[in-house]
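Written below as structure tokens is the structure these notes are about.
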Amino acid sequence: MKIGCIQLDVAFSDPERNFSQVEKWVRAAAAKGVELVVLPETWNTGFDLPRLEELADQDGTQTKDLLSKLSKELNIHIVGGSVATKKNEQFYNTMYVYTNQGELVSEYDKAHLFQLMDEHLYLQAGDTMNRFSLDDIEAGGVICYDIRFPEWLRAHALAGAKVLFVPAQWPKQRVDHWKVLLQARAIENQCFVIAVNRRGNDPNNEFNGHSMIIEPWGNVLWTGEEDEELAVIDVDFSIVDEIRERIPVYEDRRPELYKGLAPLR
């Protein structure tokens, strides 16, 4: 499958500009024959959390309208990164996923909120998994900080995911953590990881891209540079089953032991 990763320079606090940018980039991806395109985290607003009352997408309506229109018109699957949304008078960091027929197949609210960027002060955490299928490819999706919680990604893999999508706004000063964690999640779950980070600056942070596509052995198929870009990469998802047969990690698990472990406090 031909994957398009959009390493966007998100305009801080400017949803209209960002919606226009995303439409332009998705159309460019479709023109290159991309079958599935992936966006970064909170691409509609950036991390202007104090102004969510005026900036957040009410019920995700504008986002869903755009992604539904583009996916159906261009015959392209869209893993819509995430956007800041307002739902039931509360704010969320929400991912929407659309098939190439314009069908919404997943809506996921970020489960783990990052205190260093004050997410916990403004956002509500989601509490459901994000599992979906695109062209019979079993997939899961998490958002940025979620990758520091290996049990959460393992839960998606155990539920059948063979590829994990990770939109992010991961700051430059911790980009080494980003790379290592993504490779570890791919290796331990024997799945593809397709991670799209933003680039650019906001008043408090610098983001330098380094989006990645990693295969189940941990080999990096592609790493983004520090500029805004659309990368197009061919990915063969069929190798997942072969790799899982060669090292049968899932068969060798002993879940009866794990259930008895005392939780850390």
Side-chain angles (χ1 to χ4, degrees), residues 7-13 15 18 38-53 55-57 60 63 79-87 90-97 106-130 140-156 164-186 188-189 193-212 214 224 226 263-265:
Q7 191 168 274
L8 185 68
D9 188 346
V10 176
F12 187 69
S13 303
N18 289 320
V38 189
L39 299 167
E41 182 184 14
T42 54
W43 56 259
N44 63 332
T45 62
F47 267 89
D48 192 358
L49 300 180
R51 296 179 60 203
L52 288 179
E53 185 63 50
L55 296 175
D57 189 359
T63 304
V79 176
S82 76
V83 291
T85 60
K86 183 179 182 181
K87 299 182 285 189
Q90 295 180 313
F91 300 106
Y92 296 85
N93 186 341
T94 306
M95 178 192 294
Y96 298 107
V97 179
S106 182
E107 177 177 337
Y108 168 72
D109 297 318
K110 187 175 185 179
H112 300 91
L113 301 181
F114 190 45
Q115 295 188 43
L116 289 183
M117 292 176 74
D118 290 339
E119 281 189 294
H120 65 301
L121 300 179
Y122 298 96
L123 300 174
Q124 300 298 310
D127 56 10
T128 58
M129 288 177 59
N130 187 20
V142 298
I143 300 174
C144 200
Y145 186 48
D146 282 335
I147 67 171
R148 289 189 181 270
F149 300 87
E151 62 271 39
W152 188 230
L153 278 72
R154 173 54 63 88
H156 287 73
L164 294 168
F165 293 97
V166 186
Q169 290 209 31
W170 196 282
K172 179 178 180 179
Q173 65 267 33
R174 291 184 295 277
V175 74
D176 288 343
H177 289 188
W178 162 257
K179 295 175 181 178
V180 172
L181 288 167
L182 291 172
Q183 284 186 279
R185 300 296 86 88
E188 69 197 7
N189 291 303
V193 169
I194 299 177
V196 176
N197 193 25
R198 68 160 290 187
R199 63 87 56 208
N201 303 321
D202 67 23
N204 301 305
N205 301 282
E206 182 178 359
F207 306 92
N208 67 335
H210 292 281
S211 303
M212 301 178 76
I214 305 165
E226 296 194 2
L264 297 175
R265 299 295 184 187

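Quick note: residue numbers are just sequence positions, from 1. Atom set for the values below is all heavy atoms of this structure, side chains included, hydrogens, waters and symmetry mates excluded.
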What heavy-atom pair brings Leu8 and Pro40 nearest, and what distance separates the two atoms? CB-CG, 3.9 Å
Side chain proximity check, Leu182 to Val166, heavy atoms < 4.5 angstrom: yes
d(Asn208 CG, Trp170 CH2) to nearest 0.5 Å is 12.0 Å
Determine, step by step, whether Asp118 and His120 satisfy the side chain to side chain contact (heavy atoms under 4.5 Å, CB included) criterion, reporting the C-alpha distance in whole Å, the side-chain angles of both residues, the deciding distance to 0.1 Å, and the verdict. CA-CA 5 Å; Asp118 290 339; His120 65 301; 4.3 Å; yes
Roughly how far apart are Phe207 CZ and Gln7 CD, rounded to 0.5 Å? 12.5 Å
Side chain to side chain donor-acceptor pair (under 3.5 Å) partner of Ser13, chosen from Asp48, Asn18, Thr45: Asp48
Let's go through Asn93 and Glu41 carefully: what are the C-alpha distance in whole Å and the side-chain angles of both, what is the deciding distance for side-chain hydrogen bond (donor to acceptor under 3.5 Å, both in side chains) to 0.1 Å, and is it a yes or a no? CA-CA 8 Å; Asn93 186 341; Glu41 182 184 14; 2.7 Å; yes
Could you walk me through whether His177 and Arg148 satisfy the side-chain hydrogen bond (donor to acceptor under 3.5 Å, both in side chains) test, starting with their C-alpha distance in whole Å, then the side-chain angles of each, then the deciding distance to 0.1 Å, before giving a yes or no? CA-CA 9 Å; His177 289 188; Arg148 289 189 181 270; 2.9 Å; yes
For a quick test of reading the model, state the closest non-hydrogen atom pair linking Ala168 to Cys144 and the distance between them. CB-SG, 3.7 Å
So Glu53 and Lys86, do their side chains get closer than 4.5 Å, heavy atoms only? yes
Start with the C-alpha distance between Asn189 and Leu153, add both sets of side-chain angles, then the distance that settles side chain to side chain contact (heavy atoms under 4.5 Å, CB included), and finish with yes or no. CA-CA 8 Å; Asn189 291 303; Leu153 278 72; 4.1 Å; yes
Could you tell me whether Glu206 and Lys172 have a side-chain N and a carboxylate O separated by less than 4.0 Å? yes
With the side chain counted from C-beta on, respond yes when Val83 and Tyr96 share a heavy-atom pair under 4.5 Å apart, and no when they do not. yes
Step-by-step side-chain hydrogen bond (donor to acceptor under 3.5 Å, both in side chains) determination, Thr94 to Asp109: CA-CA 4 Å; Thr94 306; Asp109 297 318; 2.7 Å; yes
Salt bridge Arg198-Asp9, side-chain N to carboxylate O under 4.0 Å: yes
Mind checking the OG1-CE spacing from Thr63 to Met95? Nearest 0.5 Å is all I need. 13.0 Å
Main-chain N/O of Asn130 paired to His156 side chain as donor or acceptor, under 3.5 Å: yes
For Val142 and Tyr108, the nearest pair of non-hydrogen atoms, with its separation, is CA-CE2, 3.9 Å
Scanning both residues in full, the closest heavy-atom pair of Ala125 with Tyr92 reads O-CE2, 4.5 Å
To the nearest 0.5 Å, how far apart are CD1 in Ile214 and NZ in Lys179? 10.5 Å
List the atom of Trp178, the atom of Gly209, and the distance in Å for their closest heavy-atom pair. NE1-O, 4.2 Å
Here the pair of heavy atoms bringing Thr85 nearest to Ala56 is C-CB, 3.8 Å
Output, in order, the C-alpha distance, side-chain angles, deciding distance and verdict of side chain to side chain contact (heavy atoms under 4.5 Å, CB included) for Phe47 and Gln169. CA-CA 9 Å; Phe47 267 89; Gln169 290 209 31; 3.8 Å; yes
Strictly distance-based, threshold 3.5 Å: is any side-chain N or O of Asn44 a donor or acceptor partner for the main-chain N or O of Pro15? no
Can you tell me how far apart NZ (Lys110) and CG (Asp146) are? Round to the nearest 0.5 Å. 6.5 Å
Distance (rounded to the nearest 0.5 Å) between His112 NE2 and Ile147 CD1: 12.0 Å
Can any side-chain N or O of Glu119 pair as donor or acceptor with the backbone N or O of Phe114 at less than 3.5 Å? yes
With side chains defined as the heavy atoms from C-beta onward, is the minimum distance between Tyr122 and Pro50 less than 4.5 Å? yes
Are side-chain heavy atoms of Leu49 and Leu121 found at a separation under 4.5 Å? no
